[in-house]
Structures are given as C-alpha cells and as structure tokens.
Number of protein chains: 2
Amino acid sequence: MRVVKKAEDRKNEILDAVDELFGQKGFDGTSTNDILEKVGIARGTLYHHFKSKEDIMDALIDRYAVRLIDGAQEVAADKSIPIVERIIRVVMALNLSGGSSEQIMEHIHKPQNALMHQKIQKVIINGVPPILTEIIREGIQQGLFSTPFPYECMEMVVIYASTVFDDDLVVMTEKERSSRIVAFVCNVERLLGAESGSLMDVMGMFGEGDESSRD
Amino acid sequence: MRVVKKAEDRKNEILDAVDELFGQKGFDGTSTNDILEKVGIARGTLYHHFKSKEDIMDALIDRYAVRLIDGAQEVAADKSIPIVERIIRVVMALNLSGGSSEQIMEHIHKPQNALMHQKIQKVIINGVPPILTEIIREGIQQGLFSTPFPYECMEMVVIYASTVFDDDLVVMTEKERSSRIVAFVCNVERLLGAESGSLMDVMGMFGEGDESSRD
DNA sequence: TATTACCGACAGGCAGTCGGTCTATGCAAA
DNA sequence: TTTGCATAGACCGACTGCCTGTCGGTAATA
C-alpha cells in the first residue's frame, strides 16, 4: 500500500537510513538500492526528494554540521565556565571521546568515506576556529594568553587535533597517542603564550575524569 | 596490430595516462574506458597489469610518494645549507610554489579526488615529519631551537601547512593568505622556541626571490 | 481540481571477468 | 649456426551484472 508523508519527514527518514548505511559500508559501498530497500520506498521517490546520491550526502553533512557547530557554540557561550576549561571542552566536544557527537563522527573516519570526511573537515576547519578565537580573546583580556594571532593559532590547533586525534591518517600506539596529547598541550601553551602548565593542569581533570576512571 | 611491451614499461605508460586523466577529470570522473582509449590498449590488458581501478590509483600514489619523499630527503641531506633555510626549503618543496613537485600536486587538490588526496596526505604526514625532525635536532644542538617535542612540532607544522596552504579546504583571499603565512612563521618560531624573527628573516628571501620578483 | 508525494520499468554506462590469441624467448635437435 | 618447438606471459574484446539517474504515469491530499 502506498504511504504518503510530508516531504520533510520523508527526507529525514531517508537521511536516517543513509546515516546508518554510510557508516556501515561507506558512501561508494552503499547503493541507492540499499537505501530504497532500507527505507522501503521506490527509486522515483528517492529522486523526488534528492537530486542525486551526492545530494543526499550533502544533506547528511548539513545535519552533522549544524549539530557540531551548535554543540560547540553552546559550550563556548557558557561564560560561567573558566576560560581554559571551556576551550578544552569545545575541542573535546568535536574530536575526542565524551562529546555528544562521538557517534556521529565515529564512522566517518574510514578510508571509504574520503569525500564525506573531507566535507566534514571543511565544516570543522571553517566553523570551529571562529568560536574558539572568541574565547581566546577573552583569555587575552584576562591576561591568560598573549598572541597577536589568536585566529591562526586556533586554526592550527583545530586542524592538527582533528587530523591526528580523530583520523586514522596517523597510526599510533596507545602510548604514542598519550605522549602526543602531552606534547600537543605544551605546544598549544607556547602558541598562546600561556604560562607553562596552565593548560596541562586543567587537562588532567578531563583525561582522568572522562575515560580511565570510568572503568 | 598487436604491440607487446615489457610489463613495467606498459605499467608506466598506463600510469602516465592515468596521471593526466585523473588530473583533468578526477578519479571517479575517469572511466576505465577513458584509460583504455588514451593508452590504446584493450580491457584485458589493463586488468592484466592492475587488479582494479583503485590499484591503479595506489600505484600512481606510490610514484608520487617516492618523488616527494626523495625530493624532501635530498634537500634535507644537504648539510651545507643553513638549518633554517633548509627547513624552509623542505617545506616549500612539498607545499608551496617553487618545488619540483608543484605540477604533481597541482591537480590533486580538487574535491573530486578526495580519496587520492587523503592517500597523498597520509604519505606526507607520515613521511615528512621524520625528515624535518632530524634537522630540528641539529638546530637544537646548535642552540637555535629549544623544544622537548621536535617530532610533534614538525607534525603540527606539516599538517597545518599542507592543509591550509595546499588544499582548498580553507578559502582565502590573497591578503588573508599572506597574513596567514606571517602568522604561521611566528607560530612556528614559538613552537620551536626560536628567537623571534629568526625564521621570518630567512622567509623573506624566499617569498620575494621566488614569486613576486620573477614577473 | 491541482498539487505533490510516490511508483517502477527502463536506458546508458560502468568495473571487472574470462576464455582464448598472439608473440617473444629459451632450448633442443638437425 | 640454423631450425623447430614449447612455454610464459602480454594482450584481446565480448560479456555479465550492477548501478545511477530518468520519465511517464498513478494515487493521495488539500
């Protein structure tokens, strides 16, 4: 029997299915037939709502983008959180465990999904640094940081973190990983002209309170 | 008439054609028929030499990788060049104009070639930092730099430079670009614990001697 | 009645397979 | 040295099955 729904509902239904399928098989590995079967609609319906397969991906990425940036912005706007902690939380919400977007990102970093990954990367690289830069400026006014290039620093931080800690581009043992985190924090301190250890101290709280101590 | 060649020659012939085709139309946009036509061989021949289309891409990337890393290593090994200048030259050989690999990289940074780009990125991110780290250690011994994390610094530098200056992920005006270069150099000075301006001074020579003054 | 969500057969193009053909090379016999 | 022969592997092109996107038509809704 023919089921008719509102266009927006149907679109979201399709995106939900596609979200899961892309996660399992990647973009290229997922055929439109897979999608049709999963959603339970006909070819024509799919192409009534989306003009191409890539168009579906773009819509999916839009959903991600909004969630990601909104999530980051929400954390960033909470001025009750101390500057340093706020920065770390924003970064973590994007890249590392503990963020609400963990599941979202989880299956994007597969070699199959290169194009999708690149598009997400673009969103992050262009969307997150502005948010962080605002916080940094606040920190500069408070005398915590000192840099003539807050934006470029944040760009560097975000690009590095999202590449090394998020992707599989760099293969690391667990040890290499944690030593890289230490180095990263120290490097960020230098970039921001922060007092040595000022970031590291706050980091400690997160590293333990978030992963290890939960076992 | 049937032309028989040595396997290696034929392979390179195919890779040359593919190099050009991928550059023009991207990986997905290039059909195996395009390749067959360009090289002047039959389907069976192509699949006699390569087991799949992706296998062709991997072989092409291997060629790039060897050229890139070898080129970088060659510059890095020339101990007659002052440390700072050598670093800049290595980075430039990879990313910016003036390097011999300019043409190679030129058409990789298109949205179509996401997978290829990701694979090249992997080569760069894992191959270049070790080379640079060696130079940095030399610089530390000479008292030019001071950092407990030379490798991680170089990783950060390489990842940032290859993402921002090489890709189209960040859209910039020419002005934004050059201001980003200034910021980048200053940030690298901080990371390496170099004297302020010590990198910038050497940079100046390149920026002008390489592009502007040639018009 | 008009709009729009929905349908499914169809076309064109694609990557990869497979059985078979041709050619260069090495070796043995003349 | 020349001739005949066998083997390996470079080469061929028809074929298969799948995949994306189209299109004319149908059913539900407002």
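Naming: A, B, ... by sequence-line order, numbering from 1 per chain.
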Between A/Ser179 and B/Glu152, is there a side-chain heavy-atom distance shorter than 4.5 Å?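 B/Glu152 reaches A/Ser179 side chain to side chain.
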Do A/Arg63 and A/Asn12 have side chains that get closer than 4.5 Å, going by heavy atoms?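 Sidechains of A/Asn12 and A/Arg63: in contact.
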Nearest to the [X] side chain among [options], which nucleotide is it?
X       : options               : value
B/Ala42 : D/dG13, D/dA28, C/dC7 : D/dG13
A/Arg43 : D/dC15, C/dA9, D/dA10 : C/dA9
A/Ala7  : C/dT23, C/dG16, C/dA5 : C/dA5

Could you tell me how far apart [X] ([atom1]) and [N] ([atom2]) are, to the nearest whole angstrom?
X       : N      : atom1 : atom2 : answer
B/Arg2  : D/dC11 : CZ    : C1'   : 4 Å
A/Glu8  : C/dT4  : CD    : P     : 16 Å
A/Ile41 : D/dT20 : CD1   : C1'   : 15 Å

State which residues pass salt bridge (Lys or Arg N to Asp or Glu O under 4.0 Å) with [X]; sequence neighbours excluded, sorted by chain then number.
X        : value
A/Asp34  : A/Lys25
A/Lys175 : none
A/Glu155 : B/Arg180
A/Arg190 : none

What does A/Lys6 touch in the nucleic acid at a heavy-atom separation under 4.0 angstrom: a base, only the sugar-phosphate, or nothing?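 No contact.
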Contacts to DNA chain C from residues 45-56 of chain B, heavy-atom cutoff under 4.0 Å, which residues?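 Going residue by residue through residues 45-56 of chain B, the ones with a heavy atom under 4.0 Å of DNA chain C turn out to be B/Tyr47, B/Ser52, B/Lys53.
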Residues within residues 26-40 of chain B bordering DNA chain C, heavy-atom distance below 4.0 Å: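 Contacts with DNA chain C under 4.0 Å: B/Thr30, B/Ser31, B/Thr32, B/Asn33.
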Looking at B/Ser31, is its backbone amide N or carbonyl O close enough to the side chain of B/Lys53 to form a donor-acceptor pair, meaning the two atoms are under 3.5 Å apart?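 Pair absent, no side-chain N/O of B/Lys53 close to backbone of B/Ser31.
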Using modelled atom types only, decide if a donor and an acceptor are shared between the side chain of A/Asp78 and the backbone of A/Ser80 within a distance under 3.5 Å.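 Yes; at least one donor-acceptor contact below 3.5 Å.
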Would you say B/Arg10 reaches D/dC11's phosphate, i.e. side-chain N/O to OP1/OP2 under 4.0 Å?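 Affirmative; the distance criterion is met.
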Under 6.0 Å between the ring centres of A/Phe149 and B/Phe184?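 No, they do not, as the ring centres are separated by 6.0 Å or more.
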